[in-house]
Amino acid sequence: MSVSADRFRRVDARAATDLRRRTSFHTAVRAADTIPWVAMYHSVGDCSDDPYSITVSPDRLDHQLGWLRRRGLRGVSMAELLAARARGKGRGLVGLTFDDGYADFVETALPLLHRHDCGATLFVLPGRLDGDNAWDPLGPRKPLLGARGIRLAAAEGIEIGSHGLTHIDLTQVDDALLRSEVAGSRAVLSDLTGALVDGFCYPYGTLDARVVDAVRDAGYRYGCGIDPGPLTGPHALPRVHIGQNDTAVRLLLKLKLHRLRRRPVEGA
């Protein structure tokens, strides 16, 4: 999917505003005692054919969100989480993220989030609007949101982030395609939503120093991975996979293990 030079110029025009927003986020990271706990979801629906364990049932998500609330925790978008931490007000907040932009987010996940007074960040693929998960060789074809669904989610208070244009391993592409997937997707989504796009999510969780630099240079405030190891920082934040088998006991273990394993980001 090509991106016009005009879109890149508009991204450049927002650079000053982006710089102020990124500085606020970096303050949140420096002030934190630990890396924030961020849950990674994908699809919400039928789990009967789920070879990659990316789907949770509506009942399971309902119970998981209820578990958070009973423990005095509230799931919020990455934008809300990071802004709160920058003000020293992040206690009791956890990040909720949904990758790929499946159509079932609006149909099924969104009403459950509202029921539990939670927010979330939805990472979408503007190069596959109204498409499906063609990158998965196994399992059912799952429809993806189009422009209308993305705008609806945004209007309901959901933060929209980029998952790249087409869901490819960014560590395996040349610089031109990397820029298109990273900066290009941000420009397309900004046009689609009429708002700045602050967050990027690495497809498959794969990243390296070159890819992280591309995300930073494109103007994103933060990037979400899975377990970025030594690259952990504002543009490579770890997340915890949450699946159908995550009952209350497993959620508690994941929360406690995260607190033990994650240390402050140095040099951020």
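Numbering of residues begins at 1 and proceeds along the displayed sequence.
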Answer yes or no: is there a side-chain heavy-atom contact under 4.5 Å between [X] and [Y]?
{"X": "Thr232", "Y": "Leu237", "value": "no"}
{"X": "Pro238", "Y": "Ile226", "value": "no"}
{"X": "Val240", "Y": "Trp37", "value": "yes"}
{"X": "Val173", "Y": "Ile168", "value": "yes"}
{"X": "Arg210", "Y": "Leu170", "value": "no"}
{"X": "Val124", "Y": "Ile160", "value": "yes"}
{"X": "Ser53", "Y": "Gln244", "value": "no"}

Do side-chain atoms of [X] reach the backbone of [Y] as a donor and acceptor pair under 3.5 angstrom?
{"X": "Tyr220", "Y": "Ser162", "result": "no"}
{"X": "Thr108", "Y": "Phe105", "result": "no"}
{"X": "Asp104", "Y": "Glu107", "result": "no"}
{"X": "Arg186", "Y": "Ala218", "result": "yes"}
{"X": "His63", "Y": "Ala248", "result": "no"}
{"X": "Glu181", "Y": "Gly164", "result": "no"}

- Note on the structure: The complete set of side-chain hydrogen bond (donor to acceptor under 3.5 Å, both in side chains) pairs with one or both residues in residues 136-154, sequence neighbours excluded, reads Ser43-Lys142, Thr55-Lys142, Asn133-Asp136
- Task: Indicate whether any N or O donor in one side chain lies under 3.5 Å from an N or O acceptor in the other, for Asp169 and Thr171.
- Result: yes
- Message: Starting from Tyr52 and following side-chain heavy-atom contacts under 4.5 Å between hydrophobic residues (I, L, V, M, F, W, Y), which residues can be reached?
- Response: Ile54, Tyr102, Leu125, Trp135, Leu138, Leu144, Tyr204
- Excluding Val249, membership of its hydrophobic cluster (Ile, Leu, Val, Met, Phe, Trp, Tyr; side-chain heavy atoms within less than 4.5 Å) reads Leu253
List in chain and number order the residues that pass side-chain contact (heavy atoms from CB on, under 4.5 Å) with [X], two or more places apart in sequence or in another chain; answer none if no residue qualifies.
{"X": "Arg250", "result": "Asn245, Asp246, Thr247, Lys254"}
{"X": "Ala214", "result": "Leu178"}
{"X": "His114", "result": "Leu110, Glu156"}
{"X": "Ala79", "result": "Ser77, Glu159"}

- Take Asp59 and Ser57 through the side chain to side chain donor-acceptor pair (under 3.5 Å) test and state the conclusion after the steps. CA-CA 5 Å; Asp59 284 346; Ser57 69; 5.6 Å; no
- Run through Leu68, Val38, Ile158, Ile242 and flag the one making a side-chain contact (heavy atoms from CB on, under 4.5 Å) with Leu96. Leu68
- Query: Which heavy atom in Gly101 sits nearest to a heavy atom in Leu122, and how many Å separate them?
  - Reply: CA-CD1, 3.9 Å
- Item | Nearest non-hydrogen partners of Arg115 and Asp62, listed with the distance | NH1-OD2, 3.2 Å
- Message: Tell me every residue that passes side chain to side chain donor-acceptor pair (under 3.5 Å) with Arg60, counting only those two or more places apart in sequence or in another chain.
- Response: none
- ring pair (Phe, Tyr, Trp, His ring centres under 6.0 Å) filter on Tyr202, not counting sequence neighbours, yields Phe200
- Applying ring pair (Phe, Tyr, Trp, His ring centres under 6.0 Å) to His42 and not counting sequence neighbours gives none
- Only counting residues at least two apart or in another chain, list the ones meeting salt bridge (Lys or Arg N to Asp or Glu O under 4.0 Å) with Asp213. Arg216
- Message: Applying salt bridge (Lys or Arg N to Asp or Glu O under 4.0 Å), can you list everything that pairs with Asp99, at least two apart in sequence or on another chain?
- Response: Arg239
- Does atom NE2 of His116 have more than 12 heavy-atom neighbours from other groups under 6.0 Å away? yes
- Message: So that I can tick it off, tell me whether Arg74 and Glu80 are bridged by a salt bridge, with the cut-off set at under 4.0 angstrom between side-chain N and carboxylate O.
- Response: yes
